[in-house]
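Counting starts at 1 for both ligands and their atoms, in listed order.
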Amino acid sequence: THPDLSGTWNMVSNENFEPYMQRLDVDFATRKVAKLLKPQKVIEQKGDSFTIRTLSSLRNYLVEFTVGKEFEEDTKGLDNRKCMSTVSWDNDRLTCVQKGEKKNRGWTHWLEGGELHLELCCEDQVCKQVFRKA
Ligand code: 1AG
């Protein structure tokens, strides 16, 4: 049985987000504003079906998927690319591989000490975010 990531989570830390955005070719002005945001994650997990919302004053982002089923992801409002994405459980970690123009792109969510962790990768950059239950 896998961990339940469901809930509303508030960001408490965000390391290396700017270099990560830079790898995604996000423009300077957007990066300066985006790195100050403290987004909320709202996760609904029903078996292998997920809805993950990332909510902020600047942009909202929605991704819906079933574990193990590849889908076309449109990162609309973020870097505006299309990826072929697949999410899987890697033991207790929920891992997404985002195949597309950018190499080594993906993310991993896991629970640690009651907090929700997220690592976002693109090429040689790793951004580390931590969220606490609202
Ligand atoms: C996310 O994906 C999506 C949000 O967490 C962060 C990821 C990428 C940001 C990329 C480009 C930024 C472009 C514009 C910034 C504007 C708003 C940013 C709002 C969010 C700030 C963190 C993983 C998710 C699973 O699908 O949790």
**Request:** Run the numbers for me: atoms of ligand 1, each under 4.0 Å from some heavy atom of Val63, listed by number.
**Result:** 26 (O)

**Asked** So which bit of Leu78 gets within less than 4.0 Å of ligand 1, heavy atoms only: side chain, backbone, both or neither?
**Response** both

**Message:** Other residues, nucleotides and ligands only: do more than 12 of their heavy atoms fall within 6.0 Å of NZ on Lys38?
**Reply:** yes

**Asked** Of all the non-hydrogen atoms in the protein, which one sits nearest to atom 19 (C) of ligand 1, and at what distance?
**Response** Ser56 OG, 3.8 Å

**Complete:** Checking heavy-atom distances from atom 7 (C) of ligand 1 to each of Phe131, Tyr61, Tyr20, the winner is Tyr20

**Request:** Among all protein heavy atoms, pick the one closest to atom 17 (C) of ligand 1 and tell me residue, atom and distance.
**Result:** Arg59 CB, 3.5 Å

**Message:** With no hydrogens and no angle check, just 3.5 Å: does a side-chain donor-acceptor pair link Asn10 and Gln40?
**Reply:** yes

**Fill in**
In ligand 1, the atoms that come under 4.0 Å of a heavy atom of Phe17 are 9 (C), 21 (C), 22 (C)

**Asked** If we ignore angles and hydrogens, is there a donor and acceptor under 3.5 Å between the side chains of Glu44 and Thr51?
**Response** no

**Request:** Find the distance between OG (Ser56) and CE (Met11) and round it off to the nearest 0.5 Å.
**Result:** 9.5 Å

**Item:** Heavy-atom nearest neighbour in the protein, as seen from atom 24 (C) of ligand 1, with distance rounded to 0.1 Å
**Value:** Lys41 NZ, 3.5 Å

**Asked** What do you reckon, does Cys127 put a non-hydrogen atom under 4.0 Å from ligand 1?
**Response** no

**Prompt:** For ligand 1, which part of Val33 has a heavy atom less than 4.0 Å away: the side chain, the backbone, both, or neither?
**Reply:** neither

**Leu37 side, atom CG; Ser57 side, atom OG - distance, nearest 0.5 Å** = 5.0 Å

**Message:** Working to the nearest 0.5 angstrom, can you tell me the gap between Leu36 CG and Arg31 CZ?
**Reply:** 12.5 Å

**Asked** Would you say the side chain of His109 lies within less than 4.5 Å of the side chain of Ile52, judging by non-hydrogen atoms?
**Response** yes

**Message:** Are there over 12 heavy-atom neighbours, none belonging to Lys32, within less than 6.0 Å of that residue's NZ?
**Reply:** yes

**Item:** Option whose closest heavy atom lies nearest to atom 18 (C) of ligand 1, chosen from Val42, Asp79, Leu37, Thr54
**Value:** Leu37

**Message:** I'd like to know whether ligand 1 has Arg31 as a neighbour, heavy-atom separation below 4.0 Å.
**Reply:** no

**Request:** Check whether more than 12 heavy atoms from other residues, nucleotides or ligands sit under 6.0 Å from atom NZ of Lys99, and answer yes or no.
**Result:** no

**Fill in**
atom 2 (O) of ligand 1: closest protein heavy atom, distance to 0.1 Å, is Leu120 CD2, 3.9 Å

**Prompt:** Who's the nearest protein heavy-atom neighbour of atom 15 (C) of ligand 1, and how far?
**Reply:** Ala34 CB, 3.6 Å

**Message:** Quick check on contacts: which atoms of ligand 1 are under 4.0 angstrom from a heavy atom of Leu58?
**Reply:** 16 (C), 17 (C)

**Request:** For Lys133, look at atom NZ and say whether over 12 heavy atoms of other residues, nucleotides or ligands are found less than 6.0 Å away.
**Result:** yes

**Asked** Is the number of heavy atoms from other residues, nucleotides or ligands under 6.0 Å of Lys76 NZ greater than 12?
**Response** no

**Prompt:** Starting from atom 25 (C) of ligand 1, which protein heavy atom do you reach first, and at what distance in Å?
**Reply:** His109 NE2, 3.5 Å

**Request:** Would you check if Arg105 and Leu24 make a side-chain contact, meaning some heavy-atom pair closer than 4.5 Å?
**Result:** yes

**Complete:** protein heavy-atom neighbour closest to atom 21 (C) of ligand 1 works out as Pro39 CG, 3.6 Å

**Prompt:** Quick one: which ligand 1 atoms are inside 4.0 Å of a heavy atom on Ile52?
**Reply:** 25 (C), 27 (O)

**Message:** Could you tell me, atom by atom, which parts of ligand 1 come under 4.0 Å of a heavy atom of Gly77?
**Reply:** 14 (C)

**Request:** Note the single closest protein heavy atom to atom 10 (C) of ligand 1, along with its residue, its atom name and the distance in Å.
**Result:** Leu24 CD1, 3.7 Å

